[in-house]
Amino acid sequence: MINLIEKTKGEIASVIKRGVEKAGLAEFGAPIEIEKPRDEGHGDFSTNIAMRLAKPAKSNPRALAEKLIGEFETEGTVIESVETAGPGFINFTLKPERLYEVMKVIEDEGEDYGRVNIGGGKKTMVEFISSNPTGPMHVGNARGGAIGDCLASILDYAGYDVTREFYVNDAGNQIERFGMSLEARYYQLIGRDVEFPEDGYHGEDITQLMRDYIAECGDADRDAPDLKEKLVAYGLEKNIRCIKDTMKDFGIDYDVWFLESDLHKSGEVKAAVKELIDKGWTYEKDGAIWLKSSEFYCTKDDEEAKDDVLVRSNGIPTYFAADIAYHRNKFVTRGFDTVIDVWGADHHGHTIRMKGAMDAIGIDPERLRFVLMQLVRLIRGGEVVKVSKRTGKAVTLNELLDDIGADAVRFFFNMRQPASHFDCDLDLAVSKTSDNPVYYVQYAHARMCSILKMLEAEGVSVPKFSEVNCALLATAQEKALLKKLEEFPQEITDAALSYEPSKITRYAIDLASAFHTFYNADRVKVDDKELLRARLLLVNSARLALKSTLRVLGVTAPEKM
RNA sequence: GCGCCAGUAGCUCAGCUGGAUAGAGCAUCUGCCUUCUAAGCAGAGGGUCGGGGGUUCGAGUCCCUCCUGGCGCGCCA
């Protein structure tokens, strides 16, 4: 639970604060900002406080910086030395011992290294994928799954009480269409000449479902009045089970599978609509009930306000109404503090409406957050593959998992920011080339384990931090690796605050790279017993940190490759 | 038309939310395996940060404007 970077920044900040006070510059209220300089020559941390104070204090930044340095009391702190540089930066160099502290932290925290507590145990939901159970999951769902599951792990590491949820859209028009498609295929299979609905699901999976149904139940239901309902129930049950199996293969463990149909059955959809009516946020037009959405978000003054239908003129509530009820359930019934929905960017219009609706029922819209992902474009043979669920030509998630494995899919789909467009080159993804960075990272872990195992076999085990002369770790590569190790808790913090799993993927690559560099530059198995022990501790620290990182990503950490 | 996302090396992308000389990977060249895993490492070349204005000590980052691509603006979900 210790973030050394945060801790160090805090110490430096208080030194600066006292210095500013002693110099009589506190009245200007300049914020104290501390950052890690990009350039190694600029110390371990730096501040721009002198430049911030220059204007209000009517002085020049360099002179101010010198003055401030004179006031700094660094005795007994982590600070080794302070100097001014450039246009007026103040650079801090830390004491050498500080560099090794991370190994002590890792020794204490083990494979949980990286956990921080910025969440304070707040109840947080991450809802992701949430597709129609009308067919197999496709590649587009893969990105949502990888991002959502990894984001949930990050928030867990950051100290939030996280729930992973899958919203099963087993109601509404798409299900109606699903039913019509099943029924048509059923009749065709038993030899009745019926036309297949134009807007039905044309996929082979629909036909297969009906083949299975007939094989299991025969055709005794051919004239039953509730045939379609029976077929839908059969199809949904089978498809949802299939989705659950796929998620298992994907390595995603949902806490809750929430059925949209339950919201209708329990009366929550009606209740949500009633609440909006009672609060005066609706009106009737053309026989439908409308929500005054336009009251809740700004549009251009001269733009025509756009409201949304809650209940159609035929009395059936819209998906929007169901979704309001669903989110009301999340916040009010189940008491989540924050809800994060991972949606495709094509749902963007819906996010604004949802926030407005939350506002209407008295929930702070800020508690509802969205991660919008640009849709995945598939490239095969250098050409864009059209993804269409209806024509059934989409590449399924199962195929992708079979081809390149869950590890690669999860890693690959978390390498880019969700908001960026993602071209998934199937030829590359399907071929097991070493281009895939997941191997690079896993290889680093396997190498670490290999060293430990070999030395263990020779009777040399990993020493305790207190038994090691850390100062022996002094090469550039060792220092770089130690610095990379201490960044992990900060990366978790940043990723959690910005909902950005790709930061952790990149961190994993950076950490692996720092290790590979160290491995090639510095031999662990050396004659000098003291140095051997120090390096062994370093390797074990790196192993634990990398294992923890891979756990957040949901990628396995192989001990040999 | 309005809104959202994106535009950084030949390609794919980072850039710590305004800091110091813009960084990785792939690709292209050059080196490194009789010693802990070469699925690895070291080095080299490669840039009008889409264009143009502005804000300030300082802009890839903030504001305005234009250009290009993707998506959204349904009694679909």
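In what follows, every chain begins at residue 1, and chains take the letters A, B, ... in the order their sequences are listed. Excluded from the calculations below are hydrogen atoms, water molecules and symmetry mates; all remaining heavy atoms, backbone and side chain alike, are included.
Here the separation of B:G45 from B:G40, taken at their C1' atoms, is 23 Å to the nearest Å. When the C1' atom is compared between B:C4 and B:U12, the two are found 24 Å apart, to the nearest whole Å. Rounded to whole Å, the C1' atom of B:A9 lies 13 Å from the corresponding atom of B:U48. For B:U8 and B:G3, the C1' atoms lie 25 Å apart once the distance is rounded to whole Å. Comparing B:U61 with B:G7, their P atoms sit 12 Å apart, to the nearest whole Å. Nucleotides B:C62 and B:G19 have their C1' atoms positioned 14 Å apart, rounded to a whole Å. Comparing the C1' positions of B:G60 and B:U17 gives an interatomic distance of 13 Å, to the nearest angstrom. Remark: the separation of the P atoms in B:U68 and B:A42 is 43 Å, to the nearest Å.
Counting non-hydrogen atoms under 4.0 angstrom, A:Ala54 reaches nothing in the nucleic acid. Residue A:Asn60 is out of contact with every strand shown, counting any heavy-atom pair closer than 4.0 Å. Among the atoms of the strands shown, only primed sugar atoms or phosphate atoms (P, OP1, OP2) are found under 4.0 Å from some heavy atom of A:Gly349. When heavy atoms are screened at a 4.0 angstrom cut-off, A:Ser46 is found touching base atoms of the nucleic acid. As judged by a 4.0 angstrom heavy-atom cut-off over every strand, A:Gln490 is placed among residues making no nucleic acid contact. Contacts of A:Ala419 with the nucleic acid, taken as non-hydrogen atoms under 4.0 Å apart, involve only primed sugar atoms and P, OP1 or OP2.
Atoms NE2 (A:His445) and P (B:U37) sit 15 Å apart, rounded to a whole Å. If you take CD of A:Glu40 and P of B:U21, they are 17 Å apart, rounded to a whole angstrom. Here B:U37 presents its P atom at 16 Å from CZ of A:Arg543, a figure rounded to the nearest Å. The separation between A:Tyr201 atom OH and B:A77 atom P is 11 Å, rounded to whole Å.
In this structure, B:U48 makes no Watson-Crick or G-U wobble pair, since no nucleotide meets both defining distances under 3.5 angstrom. For B:C41, the paired nucleotide is B:G31, the pair qualifying as Watson-Crick or G-U wobble because both relevant distances are below 3.5 Å. Nucleotide B:G72 has B:C2 as its partner under the Watson-Crick or G-U criteria, with both atom distances under 3.5 Å. As the counterpart of B:C13, B:G23 is assigned, both hydrogen-bonding distances of the Watson-Crick or G-U wobble pattern falling under 3.5 Å. Nucleotide B:C36 forms a pair with no other nucleotide shown, judged by Watson-Crick or G-U wobble geometry with both contacts under 3.5 Å.
An aromatic stacking contact links A:His42 with the base of B:A20, defined here by ring centres under 5.5 Å apart and ring planes under 30° from parallel.
For the OP1/OP2 pair of B:A77 and a distance below 4.0 Å, the side-chain nitrogens and oxygens of A:Arg177 include no atom meeting the criterion. Between B:C41 and A:Tyr440, a contact under 4.0 Å exists linking OP1 or OP2 to a side-chain N or O. One finds no side-chain N or O of A:Ser420 lying less than 4.0 angstrom from the OP1 or OP2 phosphate oxygen of B:A6. Phosphate contact (OP1/OP2 of B:A6, side-chain N/O of A:Arg416, threshold under 4.0 Å): absent. Side-chain nitrogen and oxygen atoms of A:Gln374 include none within less than 4.0 Å of the OP1 or OP2 phosphate oxygen of B:A6. Considering only side-chain N and O atoms, A:Arg535 lies nowhere under 4.0 angstrom from the phosphate OP1 or OP2 of B:C36. Proximity of A:Arg312 to the phosphate of B:A77: a side-chain N or O atom is located under 4.0 Å from OP1 or OP2. A:Arg38 has no side-chain polar atom (N or O) that falls below the 4.0 Å cut-off from OP1 or OP2 of B:G15. A sub-4.0 Å separation between OP1 or OP2 of B:A77 and a side-chain N or O of A:Asn173 is present. Contact check, A:Tyr319 against B:A77: no side-chain N or O comes under 4.0 Å of OP1 or OP2. Taking side-chain N and O atoms only, A:Gln477 has no distance below 4.0 Å to OP1 or OP2 of B:G40. Close to B:U37, at under 4.0 Å from its OP1 or OP2, lies no side-chain N or O of A:Lys560. In terms of phosphate contacts, A:Lys36 brings no side-chain nitrogen or oxygen within less than 4.0 Å of OP1 or OP2 of B:G19.
Between A:Lys503 and A:Asp494, none of the side-chain N atoms (NZ, or NE/NH1/NH2) sits under 4.0 Å from a carboxylate O, so this pair counts as no salt bridge. A:Lys525 and A:Glu458 are joined by a salt bridge, as a carboxylate oxygen and a charged side-chain nitrogen come within less than 4.0 angstrom of each other. Looking at A:Glu487 and A:Lys484, a side-chain N of the basic residue comes within less than 4.0 Å of a carboxylate O on the acidic one, giving a salt bridge. Salt bridge A:Lys483/A:Glu40: present, at least one basic N to carboxylate O contact under 4.0 Å. Between A:Arg535 and A:Glu478, at least one side-chain nitrogen of the basic residue sits less than 4.0 Å from a carboxylate oxygen of the acidic one, meeting the salt-bridge criterion.
Distance from the side chain of A:Met51 is smallest to B:G19 among B:C75, B:A77, B:G19. The side chain of A:Asn91 lies closest to B:A20 when the candidates are B:A77, B:C16, B:A20.
Each of A:Ser498 and A:Ser450 has a nearest nucleotide on RNA chain B; the 5'-most of these lies closest to A:Ser498.
Judged by atom type and distance alone, A:Thr318 does not reach the base of B:C75 through any side-chain donor-acceptor pair under 3.5 Å. You'll find a donor-acceptor pair under 3.5 Å spanning the side chain of A:Asn48 and the base of B:G19, going by distance alone.
A:Gln477 and A:Thr517 share no donor-acceptor pair across their side chains, judged by distance under 3.5 Å alone. Under 3.5 Å, the side chains of A:Asp407 and A:Gln442 contain a donor-acceptor pair of N or O atoms. The closest side-chain donor-acceptor pair between A:His347 and A:Asp341, if any, does not fall under 3.5 angstrom.
Here the closest non-hydrogen pair linking A:Ser420 and A:Gln374 is O-CB, 3.6 Å.
A heavy-atom distance below 4.0 Å to RNA chain B is reached by these residues of residues 512-534 of chain A, ordered by number: A:His516, A:Thr517, A:Tyr519, A:Asn520, A:Asp522, A:Arg523, A:Val524, A:Lys525.
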Going through the checks in order, is the ring-ring contact (aromatic ring centres under 6.0 Å, His included) test met by A:Phe320 and A:His350? CA-CA 8 Å; A:Phe320 182 42; A:His350 194 51; 5.7 Å; yes

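Between A:Phe370 and A:Trp343, the angle of the ring planes lies from 30° to 60°, which puts this pair in the tilted group.
Nucleotide B:C26 carries an anti base; the chi torsion (O4'-C1'-N9-C4 or O4'-C1'-N1-C2) is more than 90° from 0. With its glycosidic angle more than 90° from 0, B:U37 adopts the anti conformation.
In terms of modelled atom types and a separation under 3.5 Å, the side chain of A:His264 and the main chain of A:Glu260 share a donor-acceptor contact.
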